[in-house]
Amino acid sequence: MSEIPKAYEPQSVETKWYDFWLEHQCFTADPARVSATRPAYSIVIPPPNVTGVLTMGHVLNNTIQDILARKARMEGKEVLWLPGTDHAGIATQNVVEKTLKKAGEIKHRDDLGREALVAKIWEWKEKYGGIILKQLRALGASCDWTRTRFTMDPEYSRCVQKVFVDLYKKGLIYRGKRMVNWCPASLTALSDEEVVMKEQKGFMYHFRVEVVELPGTFLTIATTRPETIPADTAVAVNPNDPRYQHLVGNHVYRALPLDVPKEQRIIPIIADEHVTFDFGTGVLKVTPAHDKADYEIGLRHKLPVIDILTPDGKMTAEAGVDLAGLDRFVARKKAHEILEAAGTLEKAEPYVNNVGFSERADVPIEPRLSEQWFLKYPSVEESKACVAQPEERSAGLRPGAVGEMDDSRRIGDRRSEMRFYPDRWAKVYDHWMTGIQDWCISRQLWWGHRIPVWQNSGEMSLREVYRHLLTAVLEADNYGIENQAEFSIRVDGSLIVTDANDFLGKIESDDKALDVRDFHQVTVCTAHENAAACLENIGFTQDPDVLDTWFSSWLWPFATMGWTDDKATDAKNPTLKAFYPTTDLVTGPDIIFFWVARMIMAGYEYMGDLPFRNVYFTGIIRDKQGRKMSKSLGNSPDPLDLIAKYGADALRFGVMRAAPLGQDVLFDEQSVELGRNFCNKLWNACRFRQMVGTADSVIEGEINPALLTSDDQWILLRLDQAIREVTQAFTEYKFSDATATLYRCFWGEYCDWYVEASKAAFPNAERGTRSAEQERLAVNKLAVMDFVLGNLLRLFHPFLPFITEELWHGMGYAQDLPDDRGGKTLMFATWPKAFSDDEKAYFGLDETADRVAQAKYDLVSLGRTLRRELKLDPAKKLKFILKPAGELPPAEVEVLKLLLNAEAVELVAPDWTPAKGTPSAGNLLGELYLPTTGLIDFGAERARLTKELETIRAEIAKVETKLANPAFAQKVPAKVLEEHRQRLVDWQAKEKQAQTGLENLPT
RNA sequence: GCGAGAUUAGCUCAGUGGUAGAGCAUUCGCUUCACACGCGAGGGGUCGCAGGUUCAAACCCUGCAUCUCGCACCA
């Protein structure tokens, strides 16, 4: 730090050190370095959407991960922070399709066709897909970029296929015609988790239908969706409803469509428990094709299903001429008009109900009957049991700290091994796992992992299919026939072949069943490349659907580490061996079901072990009014702008300070400004150290305990306390607590008191030269400063990686350290340790030292207040008189003088009494007087002291009342009783001080 | 409807039985030789409401109110 700018300038420093770290491969994890003395620490990044750009949410999430990773490195762990992106099926395909449409290249994706569109998306991905990962570097993220993964990498895709085939073989994946959530905008099915309920204002329409068997008798039906009337196939009432019981078994004329003759619109009145008496009219129209509950009713009563909606949400011809071709919402209005015109509408009253929306496309979903692939979740029991519930934790049943390994861990062991922070999310997780529903995993998209299932239509016998496949597989040199997960074959849905061995056996046994053909549909599920090609050649067709993106992300913790599902290979995989299970996962609670829960299940199913030990759930970043950040509100600042303006460290520190565990973060640019100010303060504190360092003073000299002043002892104790607090905060993932401690220790203690007090020990123009003794004290003080600053820089490093690295080198602290212990980079310097008892004894650090310094600073504050209240000229150096309560070394008096900005502090004997009217203040260190001359305004000081006296007396009264209570003295623990007595004494002393001070004021 | 969380200074939050705290904001003063991205001194709180337990409650218990978030959902 030869040229030291007055203010810290982050820009050049940040790029310099990031490049340095990359160049020296500081982020690269090497499993070979893992040992008993160098444990592994790993995090996998929640893969951001490949179309994404950095948001404040990413800043929060990734800063936390970086802090954890950097802290772990300083603790001597081998750290893997594994980055990557996911392919985000719907989002990415949408982005590219839109771009192409905008450019006029296509009107519809069919114009390009599947292969060409997918090629375009890949092109787009190569060009823009890495943006967010680049942006993370600006933030300082210490990811191992050499291991960057993408969910559609070839190796990763293989993992997805293998898992699919395995689950298919196990019968957990099945295809079925079900009611699914259909997104009419994206034209695909969605899982339940991708549907959010939103309150919608609409109408409740009451309309009449006539009972066929009893002309003139009408039923009134209430519905919010009159446009679906043409799809009604029954009218249902509760079997116990006395109003309608007698009508069950009769029929009604369906109200729509009107262009169909009445006789063709007859539907039955059925009785079903699902119908509630008191909702609506107690009569329910049953639309099996367009409502989940109605579909169930339809199944129970074997009702026909009439589908009147196209995939994109338009009415079909079956809805009648009036509605056909209309959008579903237009059709609703139209249906209303038709009913009204026909005179069958009784009323339409405003009504608010909850409607399912596609989370991504933000349009109402349609329940739709379609063929989809479903997964019955594996390893549910273990997954449910492994997460510690809050009550277990408070009962002390859980093992301890972060990342702590427990060798007794066993699969199926009922002891929970994973902890959520905050733990209340464990309840949410448990609840979801309890009522878990099968997962709809197919998506009608082109971008993604295509479902590895092929079908024929029966032109070929099973035996022929076998022969072709066998040849294809034997030709493959890379995958042997013994690889059991490669095949699963079903005929008309029944599992015929479970794996390749089975397949061989069947062929050899000359099974007659193998010659079936014609109407038999052969379904082959395989992850084998050659087999896939072979199937294409012999006329099989691959399922057109792709898999839900989460079906690939749920494998993230091990698929990114080179997992193959070949037990022998995986057992030899050094990365998996060293880094799986990962230590921490940092993510948002909004994807607890989408991702976290599913990763846990995949972890147990495929690794036989949980995927991570601790899950930290961040809050949501909001603006300062508490609104979610959104593009449309324009309240979402660009993190890169903030970094350019304030520096990455400032952004990190500001965000971490504002982000308490488990709470949403109300973000305000002011907090980044505060971060910048903090960095600047740190910068200047180090500058000060450099400026007071004399030519002959060494950097980081030995501290001589004999030369420590009370200030030195005090700051060493404060540092010790800070180290304890920060370290503790880490074990609880309380990062905002850690920043608060660091803020207090560095700014409030080191800068405000220690540095200021130290100025008494260093020369300046006015004070002239020092004695040899003073010189020794000053040099020792430099050593203390270096010790404190060196420790603080290390404590700060996970939060402020750039500025601390710059100062670490600039101050020369890296000089004498071994390369792997901070010599090359602060990243690998050791994490500060609190003093042991021996060290405390060696430095003479005890409560007395602490109290003396503290009392000294208190007295300074009292003196400053006195001066201020008397409205004395702030520029004028005043003379103070001090009557010490005990021994007070000259060095201490020098400090008092400096901190009081006094011309002199004159010591007087215990029997000295001030002149009448001398303002005073005091504490256990002694009595401070401020002899005044000239015209002084004592009014303010009198008012202040009077008020203070009142407060003091109120406190005394409180304590006295307590102590006077016989029950108190009897029941209270001795320690508390003693505390109260001491408190009374303290308050009484203060009372006396204030009283004297008041009396001393001239009248 | 079920469940969870929140409610403490103007704002954002610490504080799980024993003297109500921090940062920011605010007021006032200061070109004090590291830093005005700074320094110093202040003001500001019946701890959401009502009961209860206790010698003692912001903290434990009960009820209520308001807000937020999950889950479920009746047309």
Can you tell me the distance, in whole Å, between the [atom1] atom of [X] and the [atom2] atom of [N]?
X: Y754(A); N: C35(B); atom1: OH; atom2: P; answer: 20 Å
X: K6(A); N: C35(B); atom1: NZ; atom2: C1'; answer: 8 Å
X: N354(A); N: C71(B); atom1: CG; atom2: C1'; answer: 12 Å
X: N680(A); N: A36(B); atom1: CG; atom2: P; answer: 7 Å
X: R983(A); N: A20(B); atom1: CZ; atom2: C1'; answer: 12 Å
X: R687(A); N: A34(B); atom1: CZ; atom2: P; answer: 8 Å

Taking any strand in view, what nucleotide pairs with [N] in a Watson-Crick or G-U wobble way, both distances under 3.5 Å?
N: G63(B); answer: C49(B)
N: A9(B); answer: none
N: C69(B); answer: G3(B)

Exercise for review: Assign C679(A) to base, sugar-phosphate, or nothing according to its heavy-atom contacts below 4.0 angstrom with the strands shown.
Suggested key: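 C679(A): no heavy atom of the nucleic acid under 4.0 Å.
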
Can a donor-acceptor pair be found between the side chains of [X] and [Y] at a distance below 3.5 Å?
X: S191(A); Y: E194(A); value: yes
X: T287(A); Y: K285(A); value: yes
X: N181(A); Y: D192(A); value: yes
X: N677(A); Y: E673(A); value: no
X: E669(A); Y: Y646(A); value: yes

Exercise for review: Nearest-nucleotide wise, let me know which of E756(A) and Y743(A) is further upstream toward the 5' end of RNA chain B.
Suggested key: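 Between the two, 5'-proximity favours Y743(A).
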
Point to revise | First encountered from the 5' end of RNA chain B, between A7(A) and W425(A) | key: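 Upstream on the strand: A7(A).
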
Rounding to an integer number of angstrom, what distance separates [N] and [M] when you compare their [atom1] atoms?
N: C59(B); M: G51(B); atom1: P; answer: 14 Å
N: G45(B); M: U66(B); atom1: P; answer: 27 Å
N: U26(B); M: C64(B); atom1: C1'; answer: 35 Å
N: G3(B); M: A22(B); atom1: P; answer: 39 Å
N: G48(B); M: A6(B); atom1: P; answer: 12 Å

